[in-house]
Each structure stands twice: as C-alpha cells, then as structure tokens.
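Structure first, then comments.
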Amino acid sequence: MSTPSFRLYNTLTGQPDVVEPAEPRHLRFYACGPTVYSYAHIGNFRSFITADLIARTAQAIGWDTTFVSNITDVGHLTEDDVADATGEDKMAKALRKEGQRFANVWDLARYFSDALIDDWHALNLVEPDVRPRATEHMQQQILAVQALQEKGFAYETKKGVYFSVEKFPEYGKLSGNTAEEALVEGAAAQSRDTVQDPEKRHPRDFALWKKDEKHLMQWHSPWGWGFPGWHIECSVMAMEYIGEQIDLHAGGEDLIFPHHECEIAQAESITGKPFAKLWVHTRFLQVEGEKMSKSKDNFLTVRDLIAPEAVGGRGIPPLALRMTLLSGQYRKPFNFTFDKLRDSARHIQRIETVDQLVQQALAEDAPGDDFVGERLGELYDRALGAMLDDLNTPEALAATIEGVKMLQGIGSNLSGAAATSASEWLDKINQLLGIIRPQTEDADASKDETDPLAEKVEGLLEKRAQARKNKDFERADAIRDELDEMGIEVMDSPEGTTWRRKVSV
RNA sequence: GGUGGCGUGGCCGAGUGGCUAGGCAGAGGCCUGCAAAGCCUCGUACGGCGGUUCGAAUCCGCCCGCCACCUCCA
C-alpha cells in the first residue's frame, strides 16, 4: 500500500507542499485564534475550521496530531497606534460598549472566550490539545523579549521595546512585503505610518513591549509596567507547547502580514532555526457578495445564526452552518449566502434521515449480502483523497452526498450486513468532515424528545389520521395546513406518517 | 503603487491536455386521496484574443474583470 501524501498550499513557498512532519506521522501545528472581545463571526470560524480539517485529515491517515490554538485575551492597542480611528484598545472599547455587563476587561475576555468555546463545540470542531491564553504566558513573553534584546534584535525607547526589522534580512519572506518597499513607498504608505514613537528607528519595526501604566491590562516587566506586543504571544506559545520548530502554522489570510511575518522574525531570531515549515492561510469570506462588516447589516456571528429563534437567533442547525462553510475550499474566495445555508440545511436533514434509517436497519439485522460496502469504500477513498489534496472540501462533500443518496435510495431494504457497512461509512465520514452527527448533546436540541411541540404535533397527527381513515380529506388537509404553519412538515408513507421540522433558513 | 488569489452551465462548485463530477433551482414522469418526502429522466458550460498540439476548460502569452492583503481584523 502506498503512503498517502497530504498536500497543502504553503504561503511561504507559493505552492502546494507535501506535509512532512518532523517526526513522521505526528503533525504538530498551531492555529491562530481570535481576540476575544466579542462573539466570533462566521469568518473567524471559516479559518478555525481549516485547522479542524487539517487535524481531522491527518488523523484519518493514521497520524497523531498535536493541535495548539490560542486565545488572545489582551487588547494590545493604545492611543499610540493609529490603526483604529479612535486609537482605543479593542478590549477597552468592548468593555465601554458592553457597559455594566462586565466588571472589568478580564471578565469580558473570560465571557467571550467561553462563548467561543461553546460555538467551537456546536460547530463540531475538534478540541485543540492545548488552548493557551496570552495572559497566562506573560513570563514567557517577557523572557522572549529579553532574549531578543540580548541578541541585539530589539531596542528600547521611552515608549517601549521594538523589534529591529533591519536585523532580520529575511523579513518579508512570507508576505512579499519587504522592508525596503515600505521605505521607498509613495504617499500611501507614509500616510499610514504617521505613528507614534519618534524613537522608532524604522517604520516597519514593531512593538515587542509597550510601556503603558494606564492600560487596563498591565504587567510588570524589566521595562516597567506595560503589556506585550501582539505578535510575540503566538511565537512564544507555539514554542512553549510544540517546540522551536513546528510543522505547520495556520490562520486567516489577513495574518500573513504583519502578524505571521513578525512571528517568523521573532522566533527565528531567538532560535536561529526556521520556525514553521508550512504556512496555511484561509481566505476571507464575503456575505451575499459583499465584504462582511459591522457597518452593514451583514455581520454574522455564529451565535446569531445558531441560537434558537426563541432567543433572537435564526435557529440554523449548527451542522448546516458547518457544512456551508465546507462547501467552498478554504483557499478560494467564499461567498456566504443564505441560499447555500438553506441547501446545506436540507443536506444535513437528509443525512440525519439516512443515519436513522441505517441505525434502524442495523437493529433489525435483516439477512442478505453487503451490497453497499464496496461502493461506499470507494466514496470514502474519494472523500479522503480530496481532503489530502489541499482540503478539497467541495469534492469530499460531493462524495458524501453521493453515498447518502445511494443509501436513501435503498431505503429500508438494507440488509444487516449492508447496514453495518453503511454505519461504518457514516462514522468514518463523520470523523473526516464532522457533518453527520453533532458532537455535543445541546447542539442537537431540536431532536429532543421532551420538545413541548412534539406532544401537540402527535395529537394533531392522530386526529388527521382519523380524518383520513374516514375519507374526510378536507379536515385532514386543514390539519396539515395548521401543522405547516407551525413549521412542521408531514410525510405520509405506506409505513405510516412521520413529521419533522421544516428547514427554515 | 506593491504582493497574492480567482474568473466553469440560471446559481453553487469539482475537474489541470482526449473518457466532458456533484449539488441547488427548473421541466417531465412514478408514487400519493391530494400534497410533502423519495425515486427515475432531462442540462454540453468553461472571461476575451492569440499561440502550442492530431486534440485545451486544462499548457504558454497578452488583455479584461473580480477579490484580498500591504493598517486593528479569521
């Protein structure tokens, strides 16, 4: 048997590279997580799902994985930074906006990081082995900055400690943004660089430590009270939990520059070794053809979409959202639309139906041959092959849907042997793509038997059945209309009548 | 201005030299008291212009268009 090769597009080399872990068959990687100052949006999760799929795909070919994904719970900005129009720290700003909800910025960070983890589970993402927080690695960050200073890569000013880009000639190798360009750039670049610290030696030098005694989060350091620069936390935590050299580093495309460029500069200056071998970046998504932004009404948080309608959400099944995000390959522009979400919700519903069908056939264990195993095996291989080929999720999904439709066509005629194959296939697809079964109970609340709606529906269905028996179709249809308005779909079959919630996207 | 990505049928989205996925929507049919669900059948598309080739959506060149990053942002 030939060893399958796992290929991913590497931003560093500009081509798809074979994933070759330093230790064979053990992939160690780091994925940049969000700054937790609000609920995570679907764009955040598109990127996290890429990391999730890398882990799942590696595991599918029998590799071990060490998956580290951080939580940034420091704001990092001060008035000195021009980036934000208000010059205000993200966390501080969020705290002001949230008013009395939180006692302080620490509470706010804790609240939104808990929310992040809830969403993470709802969308069936694999749990990272380590989820380090920036605030819990302050000592390591301070030591790293000191090390950079001692090695001559950093210098101190009245306002902070900076990394000297000129000391790291390879700066720009990831993004193509070289330091020289920044200098010779025209007015556009200069206008952006109206910063801040006159003692900064080079426009591209970036902060390792900010001195600020007024910041809402501050720590004591050899340079006085202040807080760390944004980039240092990831370099430090990746090295802490994986090592000086990591196999792969992932994140959103916006992180290519400056964040990942700076991570490389810091880490490689400290160790003198290449930091990450592979850099994987997920493209931004658009919503209904437009850039998602808070100023438009197209800013979609995971929370808004999956929360039940009763509490102001849209009641989207989490797996439908996950499947929608899988319907485009991570490296291509993705246009998130409610049309796609509706399609996905239908697919998820169909998958659920088939899963139930299979479980039932498994229990009944009818005699007969396994007449699906071979075909399903081919379809799984196709799905896995697609994932190994730079996470080609649309192709993997196509293979999945094909198998599901085949099983659906067979319906209740599955033999016990065939049902066994089908069940195993569903398990394997689920491990690979995470779209068959919810991983947590609460993600599947809609199926809850204690649903107060269920009783009412059953009652109405009974009345309808009676009416149909009496050939009183007018009354039967009236009941069906009533159910329809309740959002219930009624399906008659020779075996009896079943119902389910309508997909309401 | 710099860097990178992308352009496939009504829509989404695979396919990287010949064998022309899949889904959604749409049309017809089967089933049904009628529906719904399900099943069957139906779609010859690759931004433009050149070039290479027996043959190109697929390779090369030029052009057009879209998007992103270069500044906090997944």
Side-chain angles (χ1 to χ4, degrees), chain A residues 9 11 14 31-35 37 40-51 75-77 81-90 93 172 174-178 181-182 184-189 191-195 204 230 250-259 261 281-286 289 291-294 324 327-335 337 339-340 342-344 346-347 349-350 353 382 386 389 392-402 405 408-411 468 471-474 476-477 480-481 483-484 489-494 497-500 502:
Chain A
Y9 185 89
T11 307
C32 281
T35 305
Y37 61 99
H41 54 72
I42 56 175
N44 293 122
F45 267 90
R46 171 151 142 105
S47 163
F48 306 154
I49 283 178
T50 299
H76 292 303
L77 281 184
D81 294 280
V82 277
D84 197 18
T86 66
E88 194 174 4
D89 181 283
K90 263 191 279 190
K93 194 170 166 185
L174 183 70
S175 63
N177 294 327
T178 63
E181 269 166 22
V184 290
E185 275 282 309
S191 68
R192 288 186 194 114
D193 207 56
T194 52
V195 200
R204 287 263 156 143
W230 172 42
E253 63 172 331
D254 57 312
L255 299 181
I256 297 171
F257 190 91
H259 186 58
E261 196 74 72
H281 294 102
T282 303
R283 289 220 51 172
F284 271 21
L285 54 70
Q286 291 184 289
K291 185 181 165 86
M292 183 167 74
S293 80
K294 283 178 180 167
T324 302
S327 70
Q329 196 230 16
Y330 78 96
R331 206 157 63 77
K332 281 196 178 178
F334 183 73
N335 186 16
T337 64
D339 262 10
K340 290 180 186 174
R342 181 173 35 74
D343 288 354
S344 299
R346 287 183 183 158
H347 279 124
Q349 193 170 55
R350 176 184 278 156
T353 305
R382 199 174 118 203
D389 180 15
N392 187 344
T393 45
E395 171 70 7
L397 244 27
T400 301
I401 290 169
E402 209 172 312
K405 289 197 96 170
Q408 193 171 36
I410 295 166
R468 289 181 74 208
K471 305 275 183 203
D472 184 357
F473 296 121
E474 210 168 301
D477 290 352
R480 187 168 63 201
D481 289 345
L483 286 163
D484 185 70
E489 202 168 9
V490 175
M491 292 161 297
D492 297 324
S493 81
T497 299
T498 55
W499 64 278
R500 67 185 181 196
K502 277 191 300 190

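In this text the structure is predicted, and so the values were computed from the model without any measurement. Below, each value reflects all heavy atoms present in this structure, side chains not excepted, and no hydrogens, waters or symmetry copies. In what follows, chains carry the letters A, B, and so on, assigned in the order in which the sequence lines appear, proteins first and then strands, with residues in each chain numbered from 1.
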Side-chain contact check for A/P333: nearest option of B/G5, B/A14, B/G33 is B/G5
Rounded to whole Å, CD of A/E402 lies from P of B/A14 at a distance of 16 Å
Hey, is the main chain of A/T497 close enough, under 3.5 Å, to the side chain of A/D492 for a donor-acceptor pair?
no
Here the distance between atom P of B/C67 and atom CG of A/D254, to the nearest Å, is 18 Å
Of the listed B/A74, B/G23, B/G33, the closest approach to the A/R350 side chain comes from B/G23
Here the helical stems involving RNA chain B, each at least 3 consecutive Watson-Crick or G-U pairs closer than 3.5 Å, sorted by first residue number, are B:1-7 with B:64-70, B:10-12 with B:22-24, B:26-30 with B:38-42, B:47-51 with B:59-63
- Name the nucleic acid region contacted by A/G251, choosing base, sugar-phosphate or nothing; use a 4.0 angstrom heavy-atom cut-off, strictly under. sugar-phosphate
Q.
So A/F284, base contact, sugar-phosphate only, or nothing? Heavy-atom distance under 4.0 Å.
A. base
Taking B/C24, B/G33, B/C69 as options, the one with an atom nearest any side-chain atom of A/R480 is B/G33
When rounded to whole Å, the CG to C1' distance for the pair A/D343 and B/G22 reads 12 Å
- Query: Hey, does A/T498 reach any base, or is it just sugar-phosphate, or nothing, if we go heavy atoms under 4.0 Å?
  - Reply: nothing
Side-chain N or O of A/K405 versus OP1/OP2 of B/G23: is the shortest distance under 4.0 Å? yes
To the nearest 0.5 Å, atom OG1 of A/T11 lies from atom CD of A/E261 at 11.0 Å
Any salt bridge linking A/R500 with A/E489? Criterion: basic side-chain nitrogen under 4.0 Å from a carboxylate oxygen. yes
Rounded to whole Å, CD1 of A/I410 lies from P of B/C40 at a distance of 11 Å
Of B/A37, B/A74, B/A14, the nucleotide closest to the side chain of A/M491 is B/A37
Rounded to the nearest 0.5 Å, the NE2 atom of A/H347 sits from the CG atom of A/L397 at a distance of 8.0 Å
Which of B/A68, B/A37, B/A74 is nearest the side chain of A/R283? It is B/A68
Of B/G15, B/C24, B/A74, the nucleotide closest to the side chain of A/D389 is B/G15
When rounded to the nearest 0.5 Å, the distance separating CZ of A/R204 from CZ of A/F257 is 3.5 Å
Result for 5'-nearest mapping on RNA chain B, choosing between A/K471 and A/N335, is A/N335
If only side-chain N and O atoms of A/K291 are considered, is one of them under 4.0 Å from the OP1 or OP2 phosphate oxygen of B/C69? yes
Among the nucleotides B/G23, B/G13, B/C34, whichever has the atom closest to the side chain of A/D492 is B/C34
request  = Rounded to whole angstrom, note down the C1' distance from B/C62 over to B/C54.
outcome  = 26 Å
Please confirm whether the backbone N or O of A/H41 pairs with a side-chain atom of A/N44, one donor and one acceptor, at under 3.5 Å?
yes
Separation of B/U71 atom P from A/L255 atom CG, nearest Å, is 14 Å
Worksheet item: Touch check for A/I256, heavy atoms < 4.0 angstrom, all strands: base, sugar-phosphate only, or nothing?
Response: nothing
* Describe the nucleic acid contact of A/H41 in one word from base, sugar-phosphate, nothing, applying a heavy-atom distance below 4.0 Å. => base
Within the pair A/Q408 and B/C39, is there a side-chain N or O less than 4.0 Å away from OP1 or OP2?
yes
Here the distance between atom P of B/G13 and atom CZ of A/R331, to the nearest Å, is 15 Å
Taken to the nearest whole Å, CG/A/L397 to C1'/B/G22 is 10 Å
- prompt: Are any of A/N392's side-chain N or O atoms less than 4.0 Å away from OP1 or OP2 of B/G15?
  reply: yes
Judged by nearest nucleotide, the residue sitting upstream toward the 5' end of RNA chain B, A/F334 or A/E474, is A/F334
Winner on side-chain proximity to A/R382, out of B/A36, B/A21, B/C69, is B/A21
- prompt: Hey, does the side chain of A/R331 reach the backbone of A/H281 with a donor-acceptor pair shorter than 3.5 angstrom?
  reply: no
From the candidates B/A74, B/A68, B/G33, the one with an atom nearest any side-chain atom of A/E253 is B/A68
**Ionic contact status for A/D339 with A/R342, cut-off 4.0 Å** = yes
Review point. Stepwise, does the side-chain contact (heavy atoms from CB on, under 4.5 Å) test hold for A/F334 with A/S327?
Key: CA-CA 9 Å; A/F334 183 73; A/S327 70; 3.5 Å; yes
Electrostatic pair A/E402-A/R382, nearest N-O below 4.0 angstrom = yes
Item checked: Phosphate-side-chain proximity, A/Y9 and B/G5, N/O vs OP1/OP2 below 4.0 Å -> yes
Margin query: Just N and O in the side chain of A/R346: are any of them under 4.0 Å from OP1 or OP2 of B/A25?
Written below: yes
- Query: Taking the same atom, P, in B/G29 and in B/A45, what whole-Å distance lies between them?
  - Reply: 27 Å
- Item | C1'-based separation of B/C60 from B/G17 [nearest Å] | 13 Å
**Request:** Would you indicate, yes or no, if B/A14 has its OP1 or OP2 atom less than 4.0 angstrom from a side-chain nitrogen or oxygen of A/K332?
**Result:** yes
Using a 4.0 Å heavy-atom cut-off across all strands, classify A/L285 as base, sugar-phosphate, or nothing.
base
Would you classify A/D477 as touching base, sugar-phosphate or nothing, given that sugar-phosphate means primed atoms plus P, OP1 and OP2, and contacts are heavy atoms under 4.0 Å? base
Here the distance between atom P of B/C12 and atom CG of A/D339, to the nearest Å, is 10 Å
